[in-house]
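Remarks on the structure that follows.
Chain letters run A, B, ... following the sequence lines, proteins first, then strands; residues in each count from 1. Because the structure is predicted, anything quoted here is derived from the model rather than measured.
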Amino acid sequence: MRLSRYFLPVQKENPAEAEIVSHRLMLRAGMIRQASAGIYSWLPLGYKVLRKIEAIVHDEQQKAGAIPVLMPTIQSADLWRQSGRYDDYGAEMLRITDRGDREMLYGPTNEEQITEIAGAGIRSYRDLPRILYHIQWKFRDEVRPRFGVMRGREFLMKDAYSFDLDKDGARHSYNRMFVSYLRTFERMGLKAVPMRADSGPIGGDMTHEFLILAETGESAVFLDRDLADLSLGERVIDWEDGPALQEVVDRYTASYARTDETHEEAVFEAEIPEERRLTARGIEVGHIFYFGTKYSRPLNATVNTPDGEVVPFESGSYGIGVSRLAGAIIEASHDDRGIIWPEAVAPFEVAVINLRQGDAEADGACDDLYAKLIARGLDVLYDDRDERAGAKFATIDLIGIPWKLVVGPRGLKEGVVELVNRRTGETENLSPDDAMNRLAATYGRA
RNA sequence: CGGAGCGUGGCGCAGCCUGGUAGCGCACCUGUUUUGGGUACAGGGGGUCGCAGGUUCGAAUCCUGCCGCUCCGACCA
């Protein structure tokens, strides 16, 4: 993409309403624009990031055995009356009536809907287990939306739902999602720690929240420092191997990790030696829980067992705040110049900066680099604006592109361009070919 | 939902107290200049001052009502 033809409304000054860094940077970098309280349009740059996050979530969900579907945003009130949640949910649920005065609602979540679908489509124990998920916009009429997309009223969420015959099966499904979440967040360059959660209004007893550690997090967290250092790395997961999954889950839940909701100082101090006690702040980016037959029973979603009995499903639900992640990643990865995208979610993989726009040699070299990078499958943003070098650096650093290829007449005389890493600032003078090879290798392209 | 505050060009703000028909910086356009980390100068375009009533010869400014938004606390992916 040539920046001169892109839509990137960046701002030099901080918007007054944005209090936390991710909100400020998302507005300044032209990623989002507020439509009304807690509701945002995603501009091209923000939308690219959102799609990349979404793609990783899709990929990891499916690797773990979950099957994608897409349910509507608008649901019928009747379904929610059956589960008893129509009244329980309160003012947070956006209620709508259609022209026939039928009561509808904009879905804040989809347990009822998916249970109805699974109940209708699954009749036999032979059809179990199944995990269905979708990534869809949700609406919760929060009392106090804030922090930009971190706590909007409209937000994009991945929600998965598992269906099993019995509790052992449900645990396997739960563990699949647990490990899948570890992989998902790790791939995005995040350090997410599973913490014991409160079962909350949806209920259930097997439940964890995944929090990434960041100073601006909304929750206080208390954990064994060692847990924050765990990593799956390149470990190969056999998703069908229940005991192997359980072993991973056990390792991540072996020690103390709780949010302020469930924190017990005395237990913390008794279980964890002082030097390993880590008190920090965290942003919740995922939440999983097992809730048994809470929905299948009232909605009459049942299967036949091998013995010919009819029983309700054992279920759990598993959420990831997809739009929130865009903000959360920025909270975890930025500096005073702007965003620092992890390579996996960066809106562009590399920026070409022409230091001397209009100089025939520089223009020619940049055009050539730009074409070749595209040919090698890299997503490149070419800053070809008629701006001074400083303005280009400031823009590219603000929007957080992980790598810069800096091209100017001086370097070209020596036959080199500069390859600059956004995070470390490390600069290498390389021939254009070497620089391209380096980038292709970094991103795993030919 | 309790508390505080704010609505004036795309963004950040001044003007309001003491009514006289809107201004500054950034951004944008034109020209000159400059050219390796947000150049300088000159000129220029863009605003029903959140909305509706009211007071007044006259309202961004005073009064009333409404709407929108933000921040702090109790709640949530």
Where the side chain of A/R81 meets the backbone of A/Y86, is there a donor-acceptor pair that is under 3.5 Å apart?
-> no
What interatomic distance, in whole Å, is found between P of B/A4 and the corresponding atom of B/C51?
-> 26 Å
Watson-Crick or G-U wobble partner for B/C75, using a 3.5 Å limit on both distances?
-> none
With rounding to whole Å, what would you report as the distance between B/U55 and B/C62 at their C1' atoms?
-> 8 Å
On a whole-Å scale, what distance lies between the P atoms belonging to B/G3 and B/C29?
-> 48 Å
Contact class for A/E209 vs. all strands (heavy atom < 4.0 Å): base, sugar-phosphate, or nothing?
-> nothing
Using heavy atoms to find the nearest nucleotide of RNA chain B for A/H23 and A/A16 separately, return the residue whose nucleotide is more 5′.
-> A/A16
Could you measure between the two C1' atoms, the one in B/G9 and the one in B/G25, and give it in whole Å?
-> 13 Å
CZ/A/R187: more than 12 non-hydrogen atoms of other groups inside 6.0 Å | yes
Return the value, rounded to whole Å, for the distance between atom CZ of A/R146 and atom P of B/A74.
-> 9 Å
Which one is paired to B/C24, where only Watson-Crick or G-U wobble pairs with both distances under 3.5 angstrom count?
-> B/G12
On the 0 to 90° scale, with breaks at 30° and 60°, tag the A/Y174-A/H208 ring pair as parallel, tilted or perpendicular.
-> tilted
Would you mind pulling out the nucleotide paired to B/G37, Watson-Crick or G-U wobble, both distances under 3.5 Å?
-> none
Measure from the side chain of A/E13, starting at C-beta and using heavy atoms only, and say which of B/A74, B/C11, B/A77 lies closest.
-> B/C11
How long is the line joining CE of A/M157 and C1' of B/C76, in whole Å?
-> 11 Å
Both distances under 3.5 Å, Watson-Crick or G-U wobble: report the partner of B/U48, or none.
-> none
Have a look at A/E17 and say if it touches a base, only the backbone sugar-phosphate, or nothing, with a 4.0 Å heavy-atom cut-off.
-> sugar-phosphate
In whole angstrom, what separates A/W137's CH2 from B/A77's C1'?
-> 12 Å
Classify the side chain of A/R140 and the base of B/C76 as holding, or not holding, a donor-acceptor pair under 3.5 Å.
-> no
Spacing of A/M177 atom CE relative to B/A77 atom C1', expressed in whole Å = 16 Å
Is the base of B/C76 touched by the side chain of A/R144 through a donor-acceptor pair closer than 3.5 angstrom?
-> no
Using a 4.0 Å heavy-atom cut-off across all strands, classify A/G152 as base, sugar-phosphate, or nothing.
-> base
Is a side-chain donor or acceptor of A/S296 paired with a backbone partner of A/P312 at a separation under 3.5 angstrom?
-> no
Go ahead and name the base partner of B/C17; Watson-Crick or wobble counts if both distances stay under 3.5 Å, otherwise write none.
-> none
When A/E112 is tested against each of A/R85, A/Q82, A/Q75 for side-chain hydrogen bond (donor to acceptor under 3.5 Å, both in side chains), which residue passes?
-> A/R85
Annotated protein contacts, base or backbone, on nucleotides 32-38 of chain B with a non-hydrogen cut-off under 4.0 Å, one of B, S, - each | --BSBBB
G-U wobble or Watson-Crick pairing nucleotide for B/G7 (cut-off 3.5 Å, both distances) = B/C67
Expressed as a whole number of Å, how far does the P atom of B/G38 sit from that of B/U18?
-> 47 Å
One should read off an interatomic distance between A/D363 CG and A/Q357 CD, to the nearest 0.5 angstrom, of 5.0 Å
Heavy-atom neighbours of A/R251 CZ exceed 12 at 6.0 Å | yes
For atom C1', what is the distance between B/C6 and B/U21, given to the nearest Å?
-> 25 Å
Counting Watson-Crick and G-U wobble pairs only, both distances under 3.5 Å, name the nucleotide matched with B/C62, or none.
-> B/G54
Along RNA chain B (nearest heavy atom to each residue), the more 5'-positioned of A/G148 and A/F155 = A/G148
For A/E154, which contact category applies under a 4.0 Å heavy-atom criterion: base, sugar-phosphate, or nothing?
-> nothing
To the nearest angstrom, the OH-C1' distance between A/Y40 and B/C69 comes to 10 Å
Contacts under 3.5 angstrom, residues 407-415 of chain A side chains, donor-acceptor by atom type, not counting sequence neighbours:
none

Reported OH-to-OG1 distance for the pair A/Y290 and A/T207, which is rounded to 0.5 angstrom | 13.0 Å
Look only at the side chain of A/E186 and the backbone of A/G233, and say whether a donor-acceptor pair between them is shorter than 3.5 Å.
-> yes
Base, sugar-phosphate alone, or nothing: which one does A/V285 contact when heavy atoms must sit under 4.0 Å apart?
-> sugar-phosphate
Mind calculating the distance between CD (A/Q34) and C1' (B/U70) to the nearest angstrom?
-> 9 Å
Considering only the P atoms, how many Å lie between B/A74 and B/A27, rounded to the nearest integer?
-> 41 Å
Distance in angstrom units between A/D260 CG and B/C76 C1', rounded | 12 Å
Which nucleotide in the list B/C76, B/G10, B/C71 gets nearest to the side chain of A/R33?
-> B/G10
Nearest whole angstrom, please: distance from the P of B/A77 to the CD of A/E92.
-> 9 Å
For nucleotides B/C72 and B/A22, find the distance between their C1' atoms and express it as a whole number of Å.
-> 34 Å
